[in-house]
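So the structure is just underneath, and the comments pick up after that.
We number each residue from 1, following the sequence as shown.
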Amino acid sequence: MSELQSGRIVKALSGFYYVKSVDGTVTECRARGIFRKEHVTPLVGDIAEFSVERGRGMLERIEPRRNSFVRPAVSNLDALVILASGANPVTDPFLIDRVAAIAGDRGVPVLLCVNKVDLNDGERLIGIYRRAGFAVYPTSAETGEGVEALREAVRGKTVAFTGNSGVGKSSLLNCLNAEFAVKTGEVSDKLGRGRHTTRHVELYCLPNGTCIIDTPGFSSFDTEQMELILKENLQYAFPDFAPYLGHCRYHDCAHLHEPDCAVLAALREGKIEPTRHASYTRLYESAKEIRLWEHK
């Protein structure tokens, strides 16, 4: 075996992993069978060691990850940028909340980008999530509105862009840096969703030190296939619940219908957005179906 080299996985496609070394060279690699035996899937964002034998790259080891996600299949993020839209296709708040909860469960900050404000001001979504304490960036890939603020928010970080199909993710990436040359697709008026122009996960680096991971768009059905959070942990994945946790009558309060629940009181007083609690309830009902041993 040749001497081990180190790099970062910048693309995963059809069982091949493309590792970028410090000197900028990219090596196409396969993963050794040991990864499958140990149930480890290499992810874009991984720091990996690889060897080259007879001109073919082979992944040998993955460095410990700071964090990782199943969908999008990425690792070692500083933040997750969720794209949404108030225009066709209008983003269901539950889609945002599902992804944001998974990020919150992993301790990864979320930035919400409400795109297409040239077509719809997105005030409903902007209002919901600003009141919930999220950093929200209204943008338009068409006019360039808000793009500079978003560029500054992610400067120097490794972030993944994710969102439902058709919200203009690829167009916004091209707006951030034309060198991306990410393919874009039109939104179907009939179906209200975009064509999946991004087919794989790929990491791009900007001259300012920012690394952006582009991921395929998802549908409402896809969110049902995302990983679940243990019901005991779900409350902590909603940062807008934080001021009220520990103030309920019962220490194991589920915040659904219990008496003297501080979260429900805040909901009634308008301190928590109804859509946020509705999403929490929906996720909690799903989480009740899993057991701790199944989650490992």
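- The side-chain contact (heavy atoms from CB on, under 4.5 Å) with Arg98 is formed by just one residue from the set Leu283, Ile229, Asp92; it is Leu283.
- Contact check on Arg30 versus Glu53 returns no salt bridge, with no Lys/Arg side-chain nitrogen under 4.0 Å from an Asp/Glu carboxylate oxygen.
- Proximity of a side-chain donor or acceptor of Ser21 to a complementary backbone N or O of Asp23 within less than 3.5 Å is not detected.
- In terms of the ring pair (Phe, Tyr, Trp, His ring centres under 6.0 Å) criterion, Phe35 has no residue partners (sequence neighbours excluded).
- Side chains of Arg124 and Pro93 form a contact here, defined as non-hydrogen atoms less than 4.5 Å apart.
- Other residues, nucleotides and ligands place more than 12 heavy atoms under 6.0 Å from the CZ atom of Arg155.
- Taking each heavy atom of Cys253 and Gln235 in turn, the nearest pair found is O-OE1, 4.4 Å.
- Atom-to-atom distance recorded for Glu60:CD and Phe50:CZ is 10.0 Å, nearest 0.5 angstrom.
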In sequence, state the C-alpha distance, the side-chain angles, and the governing distance for Glu258 and Leu256, and then conclude on side chain to side chain contact (heavy atoms under 4.5 Å, CB included).
CA-CA 6 Å; Glu258 296 82 353; Leu256 299 176; 4.2 Å; yes

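- The cationic group of Lys169 does not satisfy the cation-pi geometry with Phe161, failing either the under 6.0 Å distance to the six-membered ring centre or the 45° limit from the ring axis.
- In plain terms, the two heavy atoms of Pro239 and Ala237 that are nearest each other are CD-O, 3.4 Å.
- Applying the side-chain hydrogen bond (donor to acceptor under 3.5 Å, both in side chains) definition to pairs two or more places apart or across chains, those involving residues 128-139 are Asp97-Tyr129, Asn115-Thr139, Arg131-Glu273.
- Under the 4.5 Å side-chain heavy-atom criterion for ILVMFWY residues, no single connected hydrophobic cluster contains both Ile102 and Leu43.
- At a threshold of 4.5 Å between non-hydrogen side-chain atoms, the residues Pro216 and Val201 count as touching.
- With rounding to the nearest 0.5 Å, the separation of CG in Leu267 from NE2 in His277 is 5.5 Å.
- Going from atom NZ of Lys11 over to atom CG of Asp214 covers 12.0 Å, rounded to the nearest 0.5 Å.
- In this structure the side chain of Lys116 never reaches within 4.5 angstrom of the side chain of Ser171, judged on heavy atoms.
- Residues Tyr244 and Ile272 meet the side-chain proximity criterion, which asks for heavy atoms closer than 4.5 Å.
- Under the 4.5 Å side-chain heavy-atom criterion for ILVMFWY residues, a single connected hydrophobic cluster contains both Val19 and Val52.
- Taking the six-membered ring for Trp and the full ring otherwise, Phe241 and Tyr280 have centroids separated by under 6.0 Å.
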I'd like to know whether Arg249 forms a salt bridge (charged side-chain N to carboxylate O under 4.0 Å, His left out) with Asp260, so could you lay out the CA-CA distance, the side-chain angles of the two residues, the decisive distance to 0.1 Å, and finally the verdict.
CA-CA 5 Å; Arg249 178 194 294 185; Asp260 298 327; 2.3 Å; yes

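- The minimum heavy-atom distance linking Pro89 with Gly166 is given by the pair CD-O, 3.3 Å.
- Cluster membership for Met58 and Phe16, using ILVMFWY side-chain heavy atoms within less than 4.5 angstrom, is not shared.
- The two residues Ile82 and Ala100 come nearest to each other via the heavy atoms CD1-N, 3.7 Å.
- The distance from atom CG of Leu111 to atom CG of Leu83, rounded to the nearest 0.5 Å, is 10.5 Å.
- Between Lys271 and Asp240 there is no salt bridge, since no side-chain N of the basic residue sits under 4.0 Å from a carboxylate O of the acidic one.
- For Arg61, the salt bridge (Lys or Arg N to Asp or Glu O under 4.0 Å) criterion is met by Glu49, Glu63, not counting sequence neighbours.
- Linking Ile, Leu, Val, Met, Phe, Trp and Tyr residues whenever their side-chain heavy atoms come within less than 4.5 Å places Leu245 and Phe238 in a single cluster.
- Between the SG atom in Cys211 and the NZ atom in Lys157 there is a gap of 13.0 Å [rounded to 0.5 Å].
- At least one side-chain heavy atom of Ile62 sits less than 4.5 Å from a side-chain heavy atom of Ile9.
- Using a distance-only test at 3.5 Å, with no hydrogens or angles considered, a donor-acceptor pair links the side chain of Arg66 to the main chain of Asn76.
- More than 12 heavy atoms of other residues, nucleotides or ligands lie within 6.0 Å of CZ in Arg65, so this atom counts as buried by the packing criterion.
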Intermediate values then yes/no, side chain to side chain contact (heavy atoms under 4.5 Å, CB included), Thr162 and Arg71:
CA-CA 9 Å; Thr162 188; Arg71 186 171 179 86; over 6 Å; no

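- The two residues Gly156 and Thr210 come nearest to each other via the heavy atoms N-OG1, 2.9 Å.
- Ser75 OG to Arg8 CZ: the interatomic distance, rounded to the nearest 0.5 Å, is 8.0 Å.
- Residue-environment remark: OH (Tyr284) exceeds the threshold of 12 foreign heavy atoms within 6.0 Å.
- In this structure, Val99 and Val110 have side chains that are not in contact, with every pair of non-hydrogen atoms separated by 4.5 Å or more.
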Could you give me the CA-CA distance, side-chain angles and deciding distance for Leu125 and Ile96, then say whether side chain to side chain contact (heavy atoms under 4.5 Å, CB included) is met?
CA-CA 10 Å; Leu125 290 174; Ile96 300 171; 4.1 Å; yes

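- Inter-residue side-chain proximity for Asn120 and Ser85 is flagged as unmet; no heavy-atom pair is nearer than 4.5 Å.
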Working for side chain to side chain contact (heavy atoms under 4.5 Å, CB included), residues Val136 and Val114:
CA-CA 7 Å; Val136 183; Val114 180; 4.0 Å; yes

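- The shortest side-chain heavy-atom distance between Pro72 and Ile213 does not fall under the 4.5 Å cut-off.
- Heavy-atom neighbours of Arg36 CZ from other residues, nucleotides or ligands within 6.0 Å: at or below the threshold of 12.
- The shortest non-hydrogen separation linking Val81 to Cys113 is CG1-CB, 4.2 Å.
- Note: the hydrophobic cluster containing Leu119 does not contain Val147 (ILVMFWY, side chain heavy atoms under 4.5 Å, direct or indirect links).
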